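See structure below.
Values in this document were obtained by computation on a predicted structure and should not be read as measured data.
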Amino acid sequence: RFTDAEGIDRVILIDTSPDLRQQVLREKLERCDAILFTHQHVDHTFGLDEVRRFNMVMGQPIDIYAERHTLNHLSRVFQHVFDSKNNVNESFVANLVPNEIKVGEPVDLFGVVFTPVRLLHGRLPILGFRIDLGTQSLAYCTDVSRIPPETYPLLRDLDVLVIDALRFKHHPTHFTVDQALEQINQIKPQRAYLTHIAHDIMHAELEPRLPEHVFLSFDGLVVSCGS
């Protein structure tokens with residue numbers, strides 16, 4: 001959430017999880033100006049149908065941004081949205097404008113710059129996003145088990161890093177807590193938040209043991225890059 005140079009409040013989503021409706025109601029979101037996708041897995045895409053309500057409220061389509069293979073997946077899974085002219089019955093579906101993005105090529109959305117960065121989710125290449133607004137910067141790196149060497153320069157001088165830390169035990173497609181802490185130590189953000197946390201991590205037990213600039217995320221957490 002941010003206010004653009006014209007004084008308009010903007011909301012940009014990263015991914016559309018299956019519980020998107022509940023999240024939107026909880027956070028009292030009344031608009032959606034764009035959606036960026038990290039990858040095509042169902043826990044990051046299956047709430048896409050829900051954004052049709054924003055179309056109605058705003059009276060305009062929503063731009064979505066993803067790599068080509070993710071756009072192809074979305075058009076196949078949500079064929080009733082992307083090929084609505086062939087629906088047997090007219091129905092209320094989302095109105096979306098697909099935009100292909102590529103690693104390292106920034107996208108300016110209403111004055112905020114989103115730079116896609118390459119991450120690996122096991123063997124699957126996915127995206128993280130570096131987000132820059134003026135001198136403030138945040139990187140969102142979920143569902144990651146390895147950061148390629150060429151990505152580290154795009155993660156320099158961060159105010160905030162949000163990074164995957166699934167559990168303590170090794171996992172083939174996610175960082176463990178210790179691996180995430182190693183990455184934080186290498187990237188050196190001002191603050192870091194662990195996300196994509198599994199049920200076997202107890203907040204009350206782990207958070208007191210974390211470095212003073214590292215925190216556990218939770219549903220409804222609000223992070224400001226300026227404070």
Quick one: pull up CZ in Phe54 and CD in Gln60 and give me the separation to the nearest 0.5 Å.
12.0 Å

Within a strict 4.5 Å, meaning less than it, do heavy atoms of the Leu13 and Leu20 side chains meet?
yes

Give a yes or no on whether Glu150 atom CD has more than 12 heavy-atom contacts from other residues, nucleotides or ligands under 6.0 Å away.
yes

Kindly assign one of parallel, tilted or perpendicular to the pair Phe114 and Phe129, based on the angle between their ring planes and the thresholds 30° and 60°.
perpendicular

Determine whether a donor-acceptor pair (N or O, by modelled atom type, separation under 3.5 Å) exists between the side chain of Asp15 and the backbone of Ser17.
no

Between CG on residue Leu206 and CG on residue Leu216, distance to nearest 0.5 Å:
4.5 Å

Expected output: side-chain Thr115 to main-chain Pro106 donor-acceptor under 3.5 Å:
no

Give a yes or no on this: more than 12 heavy atoms of other residues, nucleotides or ligands lie within 6.0 Å of atom CZ of Arg21.
no

Report the distance from atom CG of Leu138 to atom CG of Asp159, rounding to the nearest 0.5 Å.
8.5 Å

Is Thr70 reaching over with its side chain to a backbone N or O of Ala66, donor-acceptor style, under 3.5 angstrom?
no

Going by heavy atoms in the side chains, are Val144 and Phe175 under 4.5 Å from each other?
yes

Would you check if there is a donor-acceptor pair between the side chains of Asp164 and His196 at a distance under 3.5 Å?
no

Taking Asn99 for its side chain and Val97 for its backbone only, find out whether a donor-acceptor pair lies under 3.5 Å.
yes

Donor-acceptor contact present, side-chain Arg76 to main-chain Gln79, <3.5 Å:
no

Does Asp143 use its side chain to pair, donor to acceptor, with the backbone of His121 at less than 3.5 Å?
no

Contact between Val103 and Leu127 at the side-chain level, heavy atoms closer than 4.5 Å - yes or no?
yes

In terms of side-chain heavy atoms, does Asn95 have a donor or acceptor partner in Asn55 at a distance below 3.5 Å?
no

Arg52 (side chain) donor-acceptor with Phe92 (main chain) under 3.5 angstrom:
yes

Find the distance between CZ (Phe82) and CG (Leu96) and round it off to the nearest 0.5 Å.
5.0 Å

Would you check if the side chain of Asp83 reaches a backbone N or O of Asn86 as a donor-acceptor pair within less than 3.5 Å?
no

Decide side chain to side chain donor-acceptor pair (under 3.5 Å) for Asp9 and Thr3; before the verdict, give the C-alpha distance in whole Å, the side-chain angles of both, and the deciding distance to 0.1 Å.
CA-CA 4 Å; Asp9 293 331; Thr3 303; 2.8 Å; yes

Do Arg10's NZ or CZ and the ring of Phe110 fall within the cation-pi criteria of under 6.0 Å and 45°?
yes

Under 3.5 Å: donor-acceptor pair, side chain of Arg146, backbone of Arg123
no

Take a 6.0 Å sphere around CD of Gln186 and say whether it holds more than 12 heavy atoms from other residues, nucleotides or ligands.
yes

Are the charged groups of Glu90 and Lys85 less than 4.0 angstrom apart, N to O?
no

Spacing of His174 atom NE2 and Ile163 atom CD1 [to the nearest 0.5 Å]
12.5 Å

Does a side chain donor of either Thr16 or Glu50 reach within less than 3.5 Å of an acceptor in the other side chain?
no

When you measure from the side chain of Thr195 to the backbone N and O of Val162, does any donor-acceptor pair fall under 3.5 Å?
no

Does the side chain of Asp178 come under 3.5 Å of the side chain of Thr176 through a donor N or O and an acceptor N or O?
no

In this structure, are over 12 heavy atoms from other groups packed under 6.0 Å from Arg53 atom CZ?
no

